[in-house]
Amino acid sequence: MSSFAGRMKEYPTISLDRFDRENLHAQAYFLSHCHKDHMKGLKGPLLKRKLQFSRTVRLYCSFVTKELLLNNPKYAFWEENIVPLELESPTQISLVDEASGEKQEIVVTLLPAGHCPGSVMFLFEGGHGNVLYTGDFRLAVGDVSRMEHLHSGSRVKNIQSVYLDSTFYDPRFYQIPSREVCLRGISELTGNWISQSPHHVVWLNCKAAYGYEYLFTNLGEEFNTQIHVNSLVMFKKMPEILSYITTDRRTQIHACRHPKDEEFFLGNRLPCGCTAADGTPLRIISIKPSTMWFGERSKKTNVLIKTGNSSYRACFSFHSSFSEIKDFLSYLQPVNIYPSVVPIGRTLQEVTQMLRMMCRKQPDEAAIVYKPLGVLKRSRMQPPTNDSGSDEDLFEGLDLVPVRKKAYLNQEAERENPPETTAPPVDESVPLVVSDPQPVGQNYFDCTESNGEEDDDDEEEEEGKGDAAKGTKAPPKWEDFFSAEMLSDSQNSQSQSCCSVRTASPSRATGSQTPELFSDEEEHPDNEETFSLALSASLSDRSSQNIEDTLILHPETQNHPVQSEPEELPASQASSDFDVPGTPESKAPRPDELSQLYRKLASGEEVAIRERRFT
DNA sequence: GCGATCAGGT
DNA sequence: CACACCTGATCGC
């Protein structure tokens, strides 16, 4: 769960995904997606009051997120202050200090995050550098290399800091089967079951959260049916999702919920109470999407596990795996990385240390490391700074020191996996000093920011002992996962001149579909009235044959090798300089445009990932 | 009665 | 298999 306190060092007057405490004073708010752990304080009375007195405070998010948010009346007071932004459209925003009238301009670009419908990452470009706040994300290996707005021509933009969804940034979660593979597993199991008879139904035991929608749309499409859910209202403006869900219980695929649904299921009942008309009992299996991960060398990559007579667990992840995150970071090579999550069993120090290895190597640090006696002192460019207060208290409780790469020379080289994605050079061109905030798409920045205060280095031995003492099974040593090769790789890639892009399966930018989002929106199915499936009683009973106990599906067997197909990329890509409309308040789209937008966003259409980009 | 927080559940 | 929630108990206002 996110423990991000809401603010970024570079732009401390804005708050993201946190709306309580210090964040009450922010000049602008950003919501990456509509999960509750990213909405803390968002309906608070203090914030509500603030809005009544402020003329300038806005909440920026995607169109889909706005729609999902306003679906809950508790957030309705935001309506006038929400500015939905289109994906991949750099937008200039004024940050206004209402007391002094001071203004600061910043450009924000929403990038698809693949976490749930409407989920985005925020790229900020302004006087204090380019920073990327990922929110929660699931991107496949290679996806980042196709994101136009992270590039400037053929170069990767110079990213000062990444505020990272580090949920699975731990070698234990080295690999998580791809979305496509997981989907195929679920799809095959579903198909095998429901084709046996009309009485065979599948219950998708999904938690109440957005993110499963793409499962519904894909299954709906594949089996030419609709999935039964409790409510359609949240998707009323998202036809691409809406067309695959229904409140009509006469369907063989259900994702409905009930507070006692597990109990129901044990009694062979669906959460909606649906039964067969003629008294023939339904034959129900449950499929529970949940995260499954595998270590680096594990050959076991089953995406389905049988957990009971008629229940299954299916692999499904909202978050990128360790190797996906590594790919993402080693491509971007930010100067700093700040984790927003500490994986359980880990400590912040460990994660921070692991992340250091993914940071860009700082030239002056190389000097420090390799030329110990203070040779060369490079002159530093100080970023323009108006931080008046101390930054330290921004990150309450979290010891978030700028993470920078150090030399780790003691790794055994033993890595067979080649670097996942090769990064083009980072654009370190000298920033123009910004006198005029208009020009956007430009990197102001500086790669040698505050150095500094790094006093805490070696605490990990203690931590390790602590873990052992607690009896927690010690997670694998992370050092093993960063071999010398990898370290040198991230350096090499800087000197590489062209971008080799892999064609990994494009990730769905925005999935779609889920039952109830907000708890306060009830409307439970009425279980008194049992609906009947009007079906013939031809029940082929091969029901209770035992299926093997564990694994059902090996993705490898159907996985198309994700080799790097060359992909027709001219080595010299025309550098399109991005035009940035100055759209401080982003005009409201017309209704027709809007519904198109919703469709795109909601369907998980690959909005971001257009092949055309490098042509 | 509402909200925040925690424990415990899936 | 560790997600993103629920519910229920307790406490303070």
Side-chain angles (χ1 to χ4, degrees), chain A residues 1-3 17-21 24 32-49 68 72 74 113-117 119 135-138 165-177 179 182 203-213 215 230 234 255 257-266 271 286-295 298 300-308 311-322 340-346 351 467 472-473 475-476 511 513-522 524 550-551:
Chain A
M1 261 222 198
S2 179
S3 57
D17 289 355
R18 278 295 288 266
F19 308 90
D20 56 349
R21 297 147 80 70
L24 284 167
S32 69
H33 65 287
C34 223
H35 280 161
K36 287 220 164 40
D37 57 326
H38 289 252
M39 295 160 66
K40 204 166 181 198
L42 192 55
K43 59 174 153 46
L46 294 173
L47 200 46
K48 187 170 183 176
R49 171 170 305 221
L68 298 179
N72 185 329
K74 288 183 175 163
H115 177 70
C116 71
S119 68
D136 284 350
F137 74 100
R138 173 129 201 227
D165 169 16
S166 46
T167 304
F168 292 136
Y169 191 70
D170 183 311
R172 282 173 295 173
F173 312 113
Y174 194 88
Q175 194 227 331
I176 297 173
R179 231 178 263 262
C182 296
W203 175 46
L204 301 169
N205 181 359
C206 300
K207 296 184 263 266
Y210 296 119
Y212 301 97
E213 291 75 14
L215 188 53
N230 288 17
M234 58 282 258
R257 306 188 68 233
H258 182 277
K260 299 218 164 82
D261 50 21
E262 303 267 0
E263 242 173 72
F264 277 41
F265 176 68
L266 291 175
S286 78
I287 303 177
K288 184 177 199 163
S290 49
T291 310
M292 296 180 193
W293 62 87
F294 307 95
S298 173
K300 293 173 43 184
T301 53
N302 331 316
V303 301
L304 281 173
I305 293 177
K306 190 160 196 240
T307 55
S311 39
Y312 300 81
R313 185 188 296 275
C315 182
F316 191 97
S317 179
F318 292 132
H319 298 271
S320 275
S321 67
F322 183 70
S340 64
V341 178
V342 176
I344 65 182
R346 293 288 183 190
V351 180
D467 274 358
T472 339
K473 196 180 161 199
Q513 90 14 115
T514 294
E516 229 59 42
L517 167 48
F518 299 109
S519 51
D520 14 10
E521 148 136 76
E522 60 346 311
H524 295 138
T550 20
L551 105 214

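Order of the sequence lines sets the chain letters (A, B, ...), proteins ahead of strands, with each chain counted from 1.
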**Asked** For A:Asp261, what residues pass the side chain to side chain contact (heavy atoms under 4.5 Å, CB included) criterion, not counting sequence neighbours?
**Response** A:Trp203, A:Arg257, A:His258, A:Pro271

**Asked** Taking only residues two or more places apart in sequence or in another chain, which ones pass ring pair (Phe, Tyr, Trp, His ring centres under 6.0 Å) with A:His38?
**Response** A:His33

**Asked** Can a donor-acceptor pair be found between the side chains of A:Arg313 and A:Ser290 at a distance below 3.5 Å?
**Response** yes

Give every pair of a protein N or O atom and an N or O atom of nucleotides 8-10 of chain B that lie under 3.5 Å apart, one pair per line with the distance.
residue, atom, partner, partner atom, Å
B:dT10, O3', A:Glu262, OE2, 2.3

Under 3.5 Å, which N/O atoms of the protein pair with N/O atoms of nucleotides 8-13 of chain C?
none

**Message:** Looking at A:His115, I'd like to know whether one of its side-chain N or O atoms comes within less than 4.0 Å of OP1 or OP2 on C:dA4.
**Reply:** yes

**Request:** Name the residue closer to the 5' end of DNA chain C, choosing between A:His33 and A:Ser290 according to the nucleotide with the nearest heavy atom.
**Result:** A:Ser290

**Prompt:** Can you check whether A:Arg313 has a side-chain N or O nearer than 4.0 Å to OP1 or OP2 of C:dC1?
**Reply:** yes

**Fill in**
Atom CG of A:Asn72 and atom P of C:dC5 are separated, to the nearest Å, by 12 Å

**Prompt:** If we ignore angles and hydrogens, is there a donor and acceptor under 3.5 Å between the side chains of A:Ser286 and A:Asn205?
**Reply:** no

**Fill in**
Side-chain contact check for A:Trp293: nearest option of C:dA4, C:dC5, C:dC1 is C:dC1

**Prompt:** Roughly how many Å is it from CE in A:Met39 to C1' in C:dA4, rounded to a whole number?
**Reply:** 12 Å

**Request:** Tell me whether the OP1 or OP2 atom of C:dA4 has a side-chain N or O from A:His38 closer than 4.0 Å.
**Result:** no

**Complete:** Hits for ring pair (Phe, Tyr, Trp, His ring centres under 6.0 Å) against A:Phe137, two or more places apart or cross-chain, chain-then-number order -> A:Phe328

**Message:** Show the nearest heavy-atom pair for residues A:Asp37 and A:Ser2, with the distance to one decimal.
**Reply:** OD2-N, 3.9 Å

**Message:** How many whole angstroms separate atom CE of A:Met1 from atom C1' of B:dT5?
**Reply:** 15 Å

**Request:** Would you mind reading off the distance between A:Tyr174 atom OH and C:dC1 atom C1', rounded to a whole angstrom?
**Result:** 19 Å

**Complete:** Separation of C:dA4 atom P from A:Phe318 atom CZ, nearest Å, is 6 Å

**Request:** Grab the two heavy atoms, one from A:Ile287 and one from A:Ala314, that are nearest each other, plus how far apart they are.
**Result:** CG2-CB, 3.6 Å

**Complete:** From NZ of A:Lys40 across to C1' of B:dG3 the rounded distance in Å is 12 Å

**Complete:** Here the distance between atom P of C:dC6 and atom OH of A:Tyr210, to the nearest Å, is 11 Å

**Prompt:** Heavy atoms, side chains only, cut-off 4.5 Å: are A:Tyr174 and A:Phe322 in contact?
**Reply:** yes

**Message:** Just the rounded figure in Å: distance from P of C:dC1 to CZ of A:Phe322.
**Reply:** 22 Å

**Request:** Sequence neighbours left out, what passes ring pair (Phe, Tyr, Trp, His ring centres under 6.0 Å) with A:Phe19? Give chain and number order.
**Result:** A:Tyr29

